[in-house]
Amino acid sequence: MITVIDLPYPKDALEPIISAETMFYHYEKHHKGYANKLNELIKKNPRLQNKSLVELILSEKGPVYNNAAQVWIHNFFWLSLTPNSVMSQELKQLLEEHFGSLEEFMKQFVEAGVNQFGSGWCWLVYDNGFKIVATKDADIPFGYPLLVIDLWEHAYYLDYKNERKKFLENVFDIINWDFVEENIRQIK
Ligand code: FE
C-alpha cells in the first residue's frame with residue numbers, strides 16, 4: 001500500500017502565501033486522491049504488488065505511472081516548502097555563480113513556470129550544473145531534483161485565481177532552502 005508523507009507543518013503554516021483551505025484540498029483531496037487511485041490500480045494487477053513507489057515510477061507507463069509520479073512529486077513538493085527558512089551564504093553563492101544573481105535565478109524560475117503551458121511542475125535540478133526545467137503533467141525531468149513547485153491550478157487557484165505568476169513570485173518566501181542544500185549534498 002502506497003501512502004503519502006505526513007505534512008511536515010500544519011496546514012495553516014504557509015499562510016498567507018498558501019491558505020489552509022488550499023492546503024486542505026491539495027493534500028487531503030488531490031495528493032491522497034492520487035495515492036488512492038494508485039492503490040486501486042495496484043490491487044487489480046498482482047505484478048505491481050511488491051513494487052516500491054520509485055520502482056513503479058521507473059517501470060510503469062500510463063495511469064500507474066501518472067498516479068505514482070504525482071504521489072512522489074507531491075511528497076517532494078511539500079518538503080520543498082516551509083514557513084521559515086533562510087538561504088545559507090554557501091547556497092546563495094552557488095546560485096549566484098550559476099545564474100549571475102539571486103534575482104536572475106528567481107526571474108528565470110518564475111518565467112519557466114509561467115511559460116509552462118497547462119498543468120505541470122517547475123523544478124530546479126542538478127544535471128552537470130543547475131538547471132531550471134518545467135515539465136508537463138506528471139513528468140519528472142532528467143537529473144537530480146533539488147526543488148519543485150506545483151503548477152497545476154489546484155495549487156494556487158483558490159488563493160491567486162488565474163495569476164500563476166503572482167503565486168510563483170510569492171512562493172519564493174516559503175521555499176525550504178535547507179531541503180535544497182540537503183539534496184545538493186547528496187549528489188556530491
Ligand atoms: Fe498538486
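Values in this document were obtained by computation on a predicted structure and should not be read as measured data. Whatever order the structure lists ligands and atoms in, that order sets their numbers, starting from 1. For this chain, numbers begin at 1 and follow the sequence in order.
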Sequence neighbours left out, cut at 3.5 Å: what donor-acceptor pairs do the side chains of residues 109-120 make with other protein atoms?
{"from": "N115", "atom 1": "ND2", "to": "E111", "atom 2": "O", "distance (Å)": "3.2"}

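- Less than 6.0 angstrom separates the ring centroid of H74 from the ring centroid of H26.
- The distance cut-off of 2.8 Å around the Fe ion (ligand 1) captures these protein N, O or S atoms, sorted by chain and number: H26 NE2, H74 NE2, D150 OD2, H154 NE2.
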- Item | Derivation and outcome, salt bridge (Lys or Arg N to Asp or Glu O under 4.0 Å), residues K165 and E169 | CA-CA 6 Å; K165 186 173 186 210; E169 286 167 350; 3.8 Å; yes
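- Rounding to the nearest 0.5 angstrom, the gap separating the NZ atom in K136 from the CH2 atom in W121 is 14.5 Å.
- Side chain of Y160 to backbone of I17: a donor-acceptor contact under 3.5 angstrom is found.
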- Could you walk me through whether W78 and H31 pass side-chain hydrogen bond (donor to acceptor under 3.5 Å, both in side chains), step by step? CA-CA 10 Å; W78 304 130; H31 192 191; 2.9 Å; yes
